[in-house]
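Please read these numbers as outputs of a predicted model, since none were measured by experiment. Nothing fancy with the numbering, it's 1 onward along the sequence.
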Amino acid sequence: MSYPFERGDETLWDAGYHSGQLYFALARGAAEFLDVAPGLTPTPQGSCAVDGEVFQVFVQRLYELYTSSRNEVLRGLGHGLLVTSLVLLDRTGGRIAVRPQDAAALDEAKAALARTMAS
């Protein structure tokens, strides 16, 4: 059983059921914490619709929280959510502004994770 993340007719990530559900729950909670919409909406068909423009704003705010904190617990909690979100955002064709000092490490983390995220 899977939990696909889709934009229109395109499957961006055909997540496993549990990983998809957990990602959605974490993104929803982070969006609530950040006071923005996540751009992710569960569908009656058992998938999750991605609104690319809204999702891009969410990912930008998530990145800003991640980079503005020196709290290692906060950064650790946010890292997996951020990298997964960046892979998904890439697949929508969206981009966020990333500081040059963060670009290489995030690109490496995204590349490694993207290989495991079937689309």
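Ring orientation note: the planes of W13 and F5 are close to parallel, at an angle under 30° on the 30°/60° scale.
Ion pairing between a basic and an acidic side chain is recognised when a charged N comes within 4.0 Å of a carboxylate O; R95 and D90 show such pairing.
Atom CG of L89 sits about 10.0 Å away from atom CG of L82, to the nearest 0.5 Å. From F24, atom CZ reaches atom OH of Y3 across 5.5 Å, with rounding to the nearest 0.5 Å. Taking CG of L40 as the start and OG of S85 as the end, the distance is 7.5 Å to the nearest 0.5 Å. From R7, atom CZ reaches atom CG of L88 across 10.0 Å, with rounding to the nearest 0.5 Å.
At least one side-chain heavy atom of L34 sits under 4.5 Å from a side-chain heavy atom of L62.
Remark: E10 CD is packed, more than 12 non-hydrogen atoms of other residues, nucleotides or ligands lying under 6.0 Å away. Remark: D35 CG is loosely packed, at most 12 non-hydrogen atoms of other residues, nucleotides or ligands lying under 6.0 Å away. Heavy-atom contacts from other residues, nucleotides or ligands closer than 6.0 Å to CD of E108 number 12 or fewer. The number of heavy atoms from other shown groups lying within 6.0 Å of CD (Q101) is above 12.
Between P38 and V54, the shortest heavy-atom contact is C-CG1, 4.3 Å. Nearest heavy atom pair, residue A114 against residue R91, reads O-NH2, 3.2 Å. Between G46 and P4, the closest heavy-atom pair is O-CD, 3.8 Å.
Note: the hydrophobic cluster containing F33 does not contain V57 (ILVMFWY, side chain heavy atoms under 4.5 Å, direct or indirect links). L77 and L26 fall into different hydrophobic clusters, where Ile, Leu, Val, Met, Phe, Trp and Tyr are joined by side-chain heavy atoms under 4.5 Å apart, directly or via other members.
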Legend entry - Audit row: L113, L86, side chain to side chain contact (heavy atoms under 4.5 Å, CB included) steps and yes/no: CA-CA 10 Å; L113 187 60; L86 287 168; over 6 Å; no
Inset, instruction - Decide side chain to side chain contact (heavy atoms under 4.5 Å, CB included) for D51 and T41; before the verdict, give the C-alpha distance in whole Å, the side-chain angles of both, and the deciding distance to 0.1 Å. - result: CA-CA 8 Å; D51 179 324; T41 306; over 6 Å; no
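Residues D102 and Y63 bring a donor and an acceptor atom of their side chains to less than 3.5 Å of each other. Side-chain contact annotation: Q60 with E64, donor-acceptor N/O pair under 3.5 Å present. A side-chain donor-acceptor contact under 3.5 Å links Q45 and T43.
For T84 (side chain) and L81 (main-chain N/O), no donor-acceptor pair under 3.5 Å exists by modelled atom type. Between the side chain of S68 and the backbone N or O of L65 there is at least one donor-acceptor pair closer than 3.5 Å.
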